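All chains are named by letter (A, B, ...) in the order of the sequence lines, taking the proteins before the strands, and each is independently numbered beginning at 1. Treat the numbers as computed from the prediction; the structure is a model and nothing was measured.
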Amino acid sequence: MISANSRFAVRADVRYRLIEDEAVVVRQKSNQVIVLNEVSACILDIAAKGLAVDDMLRKLADAYEVGEKTLREDTLAHLQELLDAGIIEQQPAESVAT
Amino acid sequence: MEIGARFLSNPGGSVLPGSHEPWGGDSVAIDFAGGPYLVSGLNQTQASKLRAHFAEACQNPEEIRGAASEILVYRSHRGFFRETLQRPWVLDFDLDHYPGFVRIVGNRFAGRIDLTPSLSGHLWTSDPGGKEFPCNLFENFFRALVAYRLLETGGMLVHSACVAVGNTGLLFPGRSGDGKSTLSRLALDGGYPVLSDDMNALSWSNDKAVVEKVPFAGDLGRSWCRGSSYALGGIYALRKAQATHLEPMSAPDAVALLLACSPFLNADRYRLALLMDSLYRLTRFIPTNTLSFTPDEKVWPLIRSTMPNAGETA
């Protein structure tokens with residue numbers, strides 16, 4: 001379950017590089033290479049910095065001119081897809097306490 | 001599973017034999033992309049097998065001006081490797097990666113590729129020079145070493161077909177089943193030479209990307225000849241389709257394609273960033289397209305029509 005305080009990290013076997021606003025992602029364990037579109041690439045790059053979801057949304061609001069509700073819904077959907085694809089993982093609660 | 005568990009008699013023990021006893025005093029120099037490569041520590045039979053296998057790519061070791069990298073071949077006792085593996089031999093091995101070196105273990109061989117201070121290889125085998133030695137044993141290790149050597153120079157080894165059109169090489173990266181061999185046969189039918197339908201080397205020469213044939217086996221056989229180097233003119237992703245057409249491919253898609261087709265390196269977490277940088281550099285200089293094709297005579301005229309100087313004969 002993704003909450004406002006959820007934080008994420010790129011999985012240990014995943015490497016990515018931003019190229020022309022998109023992201024080339026390598027999942028080394030499964031020898032998969034995938035390309036993320038601009039929005040997913042941006043969300044991945046911000047999630048990789050370890051920000052909480054609410055902080056991510058503030059950053060994304062600067063980059064995309066969409067309403068707050070749409071931004072939140074779309075961001076959570078993208079994060080869930082990145083989780084499902086095995087690209088990122090949710091950090092355990094104890095490691096996100098500040 | 002531990003590296004080499006399938007290939008070693010004692011998987012929990014040492015991955016590399018401890019001894020550094022060479023098989024003999026013979027050497028072979030193999031010179032192509034990223035080379036010359038000097039292979040030492042061979043007995044006469046092993047050396048003779050390698051000379052026959054790499055044929056025209058071989059040079060007299062005394063005539064090369066310094067090797068780009070050296071491979072030392074050591075003897076290991078027969079019991080070190082499992083001897084009960086089923087044949088036929090296949091390209092099958094384990095790799096593991098470290099910041100300064102890479103280990104590779106396969107059928108009756110284990111090796112280490114040192115990446116610092118300079119690239120060199122150490123290969124242990126129990127094979128005194130049997131028929132599998134050059135292709136299924138040495139070449140498995142050698143391919144990995146060449147991949148790392150090319151990366152060192154900004155290039156890469158790519159699973160691909162490459163077709164020569166005049167002085168230009170067109171690269172068709174792809175995994176098995178993507179259509180490389182089909183496209184290569186169409187090229188041969190159209191009078192265009194095929195460098196390889198399996199693997200080619202990309203490198204840089206005077207800031208220009210070049211593609212070079214490598215003396216490794218492919219479906220169309222292995223017929224390396226000196227001077228098989230061409231200016232790289234285009235990179236094409238292959239898609240089997242009902243109709244033939246070309247469309248531009250984005251840089252991220254091209255990098256992803258080349259990454260998927262960069263053997264050995266795309267699994268190396270320590271070198272992946274460097275590989276991605278090299279691939280991106282390549283896509284900024286070379287046109288990249290997706291070729292959707294059905295295997296007929298229309299394919300090559302379409303490709304030719306997109307090339308500068310399309311009127312030149314093959």
Side-chain angles (χ1 to χ4, degrees), chain A residues 7-51 56 59-60 63-64 66 74-75 77-92 95, chain B residues 1 3 91-99 102 144 147 151 156 158-160 173-178 235 237 239 248-288 290:
Chain A
R7 293 171 196 258
F8 304 89
V10 175
R11 292 179 74 105
D13 72 313
V14 171
R15 300 287 182 276
Y16 74 94
R17 190 191 196 287
L18 298 178
I19 294 177
E20 296 177 4
D21 295 331
E22 297 185 336
V24 177
V25 180
V26 183
R27 290 185 60 207
Q28 293 188 300
K29 265 187 195 163
S30 54
N31 200 17
Q32 279 184 311
V33 185
I34 50 180
V35 178
L36 300 181
N37 66 20
E38 180 185 343
V39 176
S40 275
C42 183
I43 290 171
L44 169 63
D45 201 40
I46 292 175
K49 293 177 170 58
L51 297 180
M56 291 173 60
K59 272 199 169 278
L60 289 165
Y64 296 100
V66 292
D74 285 359
T75 300
H78 277 279
L79 284 169
Q80 191 60 53
E81 284 186 25
L82 294 173
L83 282 167
D84 293 343
I87 295 171
I88 59 173
E89 58 191 358
Q90 200 160 339
Q91 297 291 79
S95 73
Chain B
M1 186 184 285
I3 177 178
L91 289 170
D92 187 19
F93 44 79
D94 290 348
L95 274 170
D96 66 354
H97 311 91
Y98 296 87
V102 177
L151 181 67
M156 65 218 67
V158 186
H159 271 305
S160 57
R175 291 180 175 178
S176 182
D178 282 354
I235 296 170
R239 300 277 181 273
M249 178 171 48
S250 72
D253 284 342
V255 169
L257 170 68
L258 289 164
L259 254 179
C261 297
S262 298
F264 311 107
L265 300 171
N266 58 12
D268 185 339
R269 61 191 172 125
Y270 298 105
R271 262 64 64 174
L272 197 60
L274 178 59
L275 176 62
M276 284 188 176
D277 287 345
S278 294
L279 295 176
Y280 183 42
R281 180 186 179 209
L282 191 69
T283 62
R284 282 183 293 151
F285 287 93
I286 305 299
T288 55
T290 297

message: Counting only non-hydrogen atoms closer than 4.5 Å, can you tell me which residues of residues 258-266 of chain B sit against chain A?
response: B/L259, B/A260, B/N266

query: In residues 269-277 of chain B, which residues are in contact with chain A at a heavy-atom separation under 4.5 Å?
result: B/R269, B/L272, B/M276, B/D277

Shortest non-hydrogen contact between A/E20 and B/P252, atoms and distance: OE1-CD, 4.1 Å

- line: Given A/D13, A/D21, A/V26, the one with more heavy-atom pairs under 4.5 angstrom with chain B than any other is A/V26

- prompt: When heavy-atom pairs shorter than 4.5 Å are enumerated against chain B, which of A/N31, A/V25, A/L18 gives the highest number?
  reply: A/N31

- line: When the 4.5 angstrom heavy-atom criterion is applied to A/V24 and chain B, the contacting part is both

message: Which atoms of B/S250 are under 4.5 Å from chain A, going by heavy atoms: the side chain, the backbone, both sets, or neither?
response: side chain

